[in-house]
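Notes for the one structure printed next.
Worth saying up front: this structure is predicted, and the values here are computed from it rather than measured. In listed order, ligands and their atoms are each counted from 1.
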Amino acid sequence: MTVAVVGAGIIGLSIAWRLRERGFEVTVLDSGERGAWHVAAGMLAPGGESAFEQPWLTRLLAESGERWPAFAAALGVDVGYDDAGTLGLAMTADDLADAARVWTRQKLALLRPSELREREPALSPRVRAGVYAPTERQVDPRKVVAALRDRLDGRIVARRVERLSDVDADTVVVAAGCGTAALTGLPVRPVKGQVLRLRGEPGLLRHVLDATVDGRHVYLVPRSDGEIVVGATQEERTDRAITAGGVHDLLHAAIDLVPGLAEAELVETTVGHRPGTPDNAPLLGRLRDNEIVAAGHHRNGVLLAPITADLIAGLVAGEEDPLLEHFAPGRF
Ligand code: GLY
């Protein structure tokens, strides 16, 4: 059976890889545009990113997080998978009140500022409280995509798809991120995010930091080579402008949290669009007999790549996992 995957982002490539492992004749149609994966920091944060009152999404996030170690290992190269864990942090009493709701749901114990600084000496003395979340991890999405492309060598074709009816395959999997709306009519909307990359001294930070700083949410994802990804704005906008206010807010919060970052080099400013849906949970399942969709992963495309790939490759093979019914593309 031939399968065409429309979209060469982390979701499309992961699905194609799993399909190829199952013996399908797969082609990935690559529009050439870099999707959200190129901007994403690569936080694997099933607890911090899960939503209240969305138990199925919470379960999907958690199960995918559990699959990441094996997924990364199977890629066979270093993709920056790092299990040092995350510090959730709050700068002020108001920030703490806000963050505590999420930490209570995660059943994480509150740490004192001195305990936090033992773990992360570069933190500002102004940090009021925090938690350690050992199962909130990170990976480098750019390395993951490069590894997946290697795995799919010869199966990726440069082609922008305008209409699904033009794609010649027994089954078409639409994994086109924000482009899924134009191809299918499904309600996928772009949610703008501005992200910075700094270069500091390697080892300045040991954990992912996920913080609320004077009401601003910011996360810092440190790589072993000294890169620190600072994210992210969340804006219901379609433009690609990198704004003074966006960069200011991210840098302000990051330097308040880790004053030593004032010395870091600002090496990259990027902007992308998360594919959001009306409930911000993904659309996973069959659209028509020979059309399947895997899109709308919003803030969690990187985290959800392993489980999405397994569920969709299974569906192509005729295995309909009961979990899929909660993410049916026709639910709106
Ligand atoms: N997962 C973090 C973000 O979308 O900004």
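Using a 4.0 Å cut-off between charged nitrogen and carboxylate oxygen, E21 and R151 do not count as a salt-bridge pair. No salt bridge links D95 with R126; every basic N to acidic carboxylate O contact stays at or beyond 4.0 Å.
Any N or O atom pair closer than 3.5 Å counts here, and N300 shares no such pair with ligand 1.
Against a heavy-atom cut-off of under 4.0 Å, A232 is close to the following atoms of ligand 1: 5 (O).
Interatomic distance, E325 CD to L284 CG, rounded to the nearest 0.5 Å: 12.5 Å.
Below 30°, between 30° and 60°, or above 60°: for F71 and W17 the angle between ring planes is above 60°, a perpendicular geometry.
Considering only non-hydrogen protein atoms, atom 5 (O) of ligand 1 sits nearest to Y219 OH, 2.5 Å. The protein atom (non-hydrogen) at minimum distance from atom 1 (N) of ligand 1 is R299 O, 2.7 Å.
Of all the heavy atoms of R274, the ones lying under 4.0 Å from any atom of ligand 1 belong exclusively to the side chain. With a 4.0 Å cut-off on non-hydrogen atoms, E49 touches ligand 1 through its side chain and not its backbone.
Exactly one residue among D78, D82, D140 makes a salt bridge (charged side-chain N to carboxylate O under 4.0 Å, His left out) with R223. That residue is D140.
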